[in-house]
Amino acid sequence: MTGAILDPVLLVGEHVRLEPLGPQHVEGLARASADGEVWRKWTTWVPAPGQMAATIEERIADHARGRMVPWATCLPDGTPVGMTSYWDVDAPNRRVEIGATWLGASAQGTKVNPEAKLLQLTRAFEDLDCIAVEFRTHWHNRQSRRAIEALGAKQDGVLRNHRIMPDGTLRDTVVYSIVRDEWPTVRAGLRARLRSA
């Protein structure tokens, strides 16, 4: 599973394309980060427009080290609107975290995020035979917590004072997961969301 989970694959749906992250996405992702100034949000880390090239280089290097699989989240026409990844890959235990995810403001609340998660979860559970997929977010990031819960993920717990944020504050990290036996129900829920208006 280790090699397969790290393979940079293109994942395509009706509303979103997850393209293996590369230098060609710098300009579009800089615009996405500026969209609604999402990079200023204090409860998460979104690269500022001027940091985008360095961030992409860092994520590509982390992929080479076996730490993550990064994607550019794009509209069907290829316009980048955010980033996502398989993060904290734990191949021996067949677990992965979907993380380091963000979207520009105009893509939030659309079908982009639920379909991106459907694509990532389908690959994790059906192609890679994962046992569990995790999600982690800041305790105070209510928007992210609602989005994760809307997927059907269940809260596992809270890691207190888990991370030091760029502004020096301490982050309590809320941990969620979806386990293999829950996947058919989660998949049905996501498909129903995508069919709705």
Side-chain angles (χ1 to χ4, degrees), residues 10-60 62 68-87 97-121 133-153 155 163 165-169 171-176 189-197:
L10 172 67
L11 301 176
V12 180
E14 183 180 349
H15 307 283
V16 68
R17 292 170 52 91
L18 297 183
E19 299 181 1
L21 187 66
Q24 71 274 18
H25 297 114
V26 170
E27 186 177 324
L29 287 172
R31 283 193 299 271
S33 170
D35 178 13
E37 296 191 323
V38 294
W39 64 275
R40 293 186 185 274
K41 190 170 182 179
W42 73 276
T43 56
T44 191
W45 187 81
V46 176
Q51 297 173 320
M52 198 59 64
T55 298
I56 289 174
E57 285 179 17
E58 182 180 322
R59 289 193 182 191
I60 291 170
D62 281 344
M68 72 183 311
V69 181
W71 285 280
T73 304
C74 301
L75 299 178
D77 66 3
T79 302
V81 294
M83 288 178 166
T84 189
S85 72
Y86 283 161
W87 184 265
E97 178 187 340
I98 294 176
T101 299
W102 61 270
L103 290 172
S106 61
Q108 295 175 15
T110 69
K111 293 184 178 182
V112 168
N113 187 57
E115 189 172 56
K117 296 304 183 288
L118 178 61
L119 293 169
Q120 289 175 289
L121 289 164
V133 175
E134 286 186 14
F135 302 85
R136 297 183 178 208
T137 192
H138 196 299
W139 173 264
H140 290 287
N141 193 338
R142 306 290 183 194
Q143 180 181 3
S144 177
R145 290 174 63 184
R146 282 192 304 270
I148 293 168
E149 290 164 3
L151 297 173
Q155 184 176 320
R163 292 274 187 258
M165 297 297 286
D167 66 359
T169 60
R171 168 177 136 160
D172 288 349
T173 299
V174 189
V175 182
Y176 295 86
L190 283 169
R191 286 176 175 170
R193 282 178 66 188
L194 291 167
R195 284 193 302 269
S196 66

Could you tell me whether the side chain of [X] and the main chain of [Y] form a donor-acceptor pair under 3.5 Å?
X	Y	result
Ser33	Pro47	yes
Lys111	Ser196	yes
Thr169	Met165	no
Arg59	Ala100	yes
Asp62	Met68	no
Thr73	Val81	no
Thr55	Ala53	no
Gln155	Val174	no

If every non-hydrogen atom of [X] is compared with every non-hydrogen atom of [Y], which pair is closest and at what distance?
X	Y	result
Ala107	Thr110	O-OG1, 2.6 Å
Glu134	Val175	OE1-CG1, 4.1 Å
Pro80	Ala32	O-CB, 3.9 Å
Trp102	Leu29	CH2-O, 3.6 Å
Pro20	His25	O-CE1, 3.3 Å
Gln120	Ser85	NE2-O, 3.7 Å

From [atom1] ([X]) to [atom2] ([Y]), nearest 0.5 Å:
X	Y	atom1	atom2	result
Arg136	Asn141	CZ	CG	15.5 Å
Leu119	Arg17	CG	CZ	11.0 Å
Arg146	Ile148	CZ	CD1	11.5 Å
Asn113	His15	CG	NE2	13.0 Å
Leu118	Glu115	CG	CD	6.5 Å
Leu121	Phe135	CG	CZ	4.5 Å

Problem set entry | Trp39 vs Gln51, side chain to side chain contact (heavy atoms under 4.5 Å, CB included): CA-CA, chis, key distance, verdict | CA-CA 10 Å; Trp39 64 275; Gln51 297 173 320; 5.9 Å; no
Exercise. Quick check: are there more than 12 heavy atoms from other residues, nucleotides or ligands sitting under 6.0 Å from CZ of Arg142?
Worked result: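 Yes, enclosed.
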For this session: Kindly check if the number of other-residue, nucleotide or ligand heavy atoms within 6.0 Å of CD (Glu27) is above 12?
Result: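 No, not enclosed.
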Problem set entry | Derivation of the side chain to side chain contact (heavy atoms under 4.5 Å, CB included) call for Ile98 and Tyr176 | CA-CA 10 Å; Ile98 294 176; Tyr176 295 86; over 6 Å; no
Problem set entry | Gln108 and Gln143: side chain donor to acceptor below 3.5 Å |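 Note: Gln108 and Gln143 side chains meet the donor-acceptor criterion.
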For this session: Compute both the distance and the angle, then confirm whether Arg145 meets the cation-pi test with Trp139: under 6.0 Å from the six-membered ring centre, within 45 degrees of the axis.
Result: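 Satisfied, under 6.0 Å and within 45°.
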Exercise. Going through the distances and angles, do Val38 and Leu103 end up as a side chain to side chain contact (heavy atoms under 4.5 Å, CB included)?
Worked result: CA-CA 8 Å; Val38 294; Leu103 290 172; over 6 Å; no
For this session: Give the C-alpha distance, both sets of side-chain angles, the deciding distance and a yes or no for side chain to side chain contact (heavy atoms under 4.5 Å, CB included) between Ile56 and Met83.
Result: CA-CA 10 Å; Ile56 289 174; Met83 288 178 166; 3.6 Å; yes
Exercise. Hey, are the side chains of Glu14 and Leu194 touching, using non-hydrogen atoms and a 4.5 Å cut-off?
Worked result: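 The answer is no, as the side chains (C-beta and beyond) never meet within the 4.5 Å cut-off.
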Exercise. What class does the angle between the rings of Trp42 and His140 fall in, given that below 30° is parallel, 30 to 60° is tilted and above 60° is perpendicular?
Worked result: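 Tilted, since the angle between the ring planes falls between 30° and 60°.
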